[in-house]
There are 2 protein chains.
Amino acid sequence: MDQSKNILKRNGLSITEGRKLILEIFLQSMGALSHADIEKSASVSLDRVTIYRTLQTFVDSGIIHQIPTTDNTILYALCKDSCEAGHHHDNHVHFICMECEKTICMDEVIVPKVQLPKGFEPVNAAMVVKGMCSDCHN
Amino acid sequence: MDQSKNILKRNGLSITEGRKLILEIFLQSMGALSHADIEKSASVSLDRVTIYRTLQTFVDSGIIHQIPTTDNTILYALCKDSCEAGHHHDNHVHFICMECEKTICMDEVIVPKVQLPKGFEPVNAAMVVKGMCSDCHN
DNA sequence: GCCGAATTTGCAATAATGTTGCAAGTTTTT
DNA sequence: AAAAACTTGCAACATTATTGCAAATTCGGC
């Protein structure tokens with residue numbers, strides 16, 4: 001019942017050690033991870049290039065999604081809903097704690113629609129809230 | 001009536017050629033710019049390092065603000081309201097056109113408040129909408 | 001299970017991006 | 001006009017990302 005194996009299979013990807021490992025890291029972490037986070041937390045050493053390529057593959061397949069940040073890194077997090085290739089449903093709010101620096105996907109808080117000026121056609125929207133998370137807020 | 005000069009003066013910064021030039025580029029562009037964009041569009045050649053430092057200075061002073069992206073670059077755009085040092089008021093929505101790739105500040109569309117789970121304390125929120133801009137939408 | 005085809009990985013090389021120290025040059029202050 | 005404060009550019013370095021290619025792994029049919 002290897003969960004990571006199933007996810008890979010479901011998305012029509014070859015099942016390899018590296019992919020399973022990276023997927024495990026996501027499944028265990030809960031929060032969002034950067035390339036560097038994954039490189040650090042990999043028990044077995046994975047080549048940097050493999051990590052880049054695997055993350056890209058996962059994004060393309062809809063297994064993970066990207067979270068915009070203002071510090072020239074990209075964060076990645078598991079998609080909860082069944083995202084299909086090239087068609088993400090990550091319409092939830094992301095929360096960055098200014099204390100512990102963790103990024104959390106708030107799957108239950110969906111991004112509200114906004115009224116755009118005439119002529120602008122929205123396709124998708126991302127929202128990132130900064131503040132204090134429940135653990136640090138005391 | 002050098003507008004760039006005034007902005008610098010108002011923020012207590014030394015008035016130098018490089019700063020005026022970069023500020024002009026922002027004033028003329030309307031949209032959001034990356035470090036690379038500025039490097040390209042500078043008529044006079046500016047040192048890469050100077051651009052990095054100037055952008056940081058402008059962010060610190062509240063002249064420009066950062067826009068989160070999912071492609072490991074940072075975009076910068078002029079703050080419309082009077083932002084003070086260390087205290088930005090860039091609570092407006094950003095729009096990225098998937099056709100022309102431009103990023104536009106929608107100063108009139110403010111980021112809506114969302115209801116966060118218990119214990120989470122928001123400080124500020126950013127919102128990025130992707131889609132078709134009015135120029136490309138035809 | 002074995003074998004060939006297709007895919008994936010790791011290494012090396014290269015490119016792009018970001019940072020720091022310091023001397024020389026500018027701007028501001030007095 | 002000179003001193004003090006600040007800014008710039010260069011050089012060196014560090015980090016992060018991309019590409020080509022050969023070796024290794026995985027997949028599919030048998």
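Proteins come first, then strands; the chains are lettered A, B, ... in the order of their sequence lines, and each starts at number 1.
- Rounded to whole Å, atom C1' of dT8(C) lies 15 Å from atom CG of Asp60(A).
- Smallest separation of non-hydrogen atoms from Leu46(B) and Ala42(B): CD1-CB, 4.5 Å.
- Relative orientation of the His92(B) and His65(B) rings is perpendicular, given thresholds of 30° and 60° on the angle between their planes.
- Nearest-nucleotide assignment on DNA chain D puts the 5′-proximal partner with Arg19(B), out of Ile74(A) and Arg19(B).
- The outermost nucleotides of DNA chain D lying under 4.0 Å from heavy atoms of chain A, listed 5' to 3', are dT16(D) to dC27(D).
- Within 6.0 Å of NZ in Lys102(B) there are 12 or fewer heavy atoms belonging to other residues, nucleotides or ligands.
- The distance from atom CD of Gln56(A) to atom P of dT7(C) is 18 Å, rounded to the nearest whole Å.
- The nearest whole Å value for the distance from the CG atom in Leu21(A) to the P atom in dT8(C) is 17 Å.
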Phe58(A) and Tyr76(A): ring pair (Phe, Tyr, Trp, His ring centres under 6.0 Å), yes or no, with the steps? CA-CA 10 Å; Phe58(A) 284 1; Tyr76(A) 301 87; 9.6 Å; no
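- Residues Leu8(A) and Ser14(A) share a closest heavy-atom pair of CD1-O, 4.3 Å.
- The cluster map of Ile, Leu, Val, Met, Phe, Trp and Tyr, joined by side-chain heavy atoms under 4.5 Å apart, puts Met98(A) and Ile104(A) in different clusters.
- For the 3.5 Å distance criterion, the side chains of Ser34(B) and Asp37(B) qualify, holding a donor opposite an acceptor.
- Nucleotide dT17(C) holds its P atom 16 Å from the CG atom of Asp71(A), rounded to whole Å.
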Letter per nucleotide, 5' to 3', of nucleotides 19-30 of chain C [B base touched, S only sugar-phosphate touched, - untouched; heavy atoms, 4.0 Å]: BBB-----SS--
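- Contact of the Leu75(B) side chain with the His94(B) side chain is not registered, since no non-hydrogen atoms from C-beta on lie closer than 4.5 Å.
- Across the protein-nucleic acid pair, Tyr76(B) atom OH and dT17(C) atom P stand 13 Å apart, rounded to whole Å.
- Toward the 5′ end of DNA chain C lies the nearest nucleotide of Thr50(A), the other residue of the pair Ala36(B) and Thr50(A) mapping further downstream.
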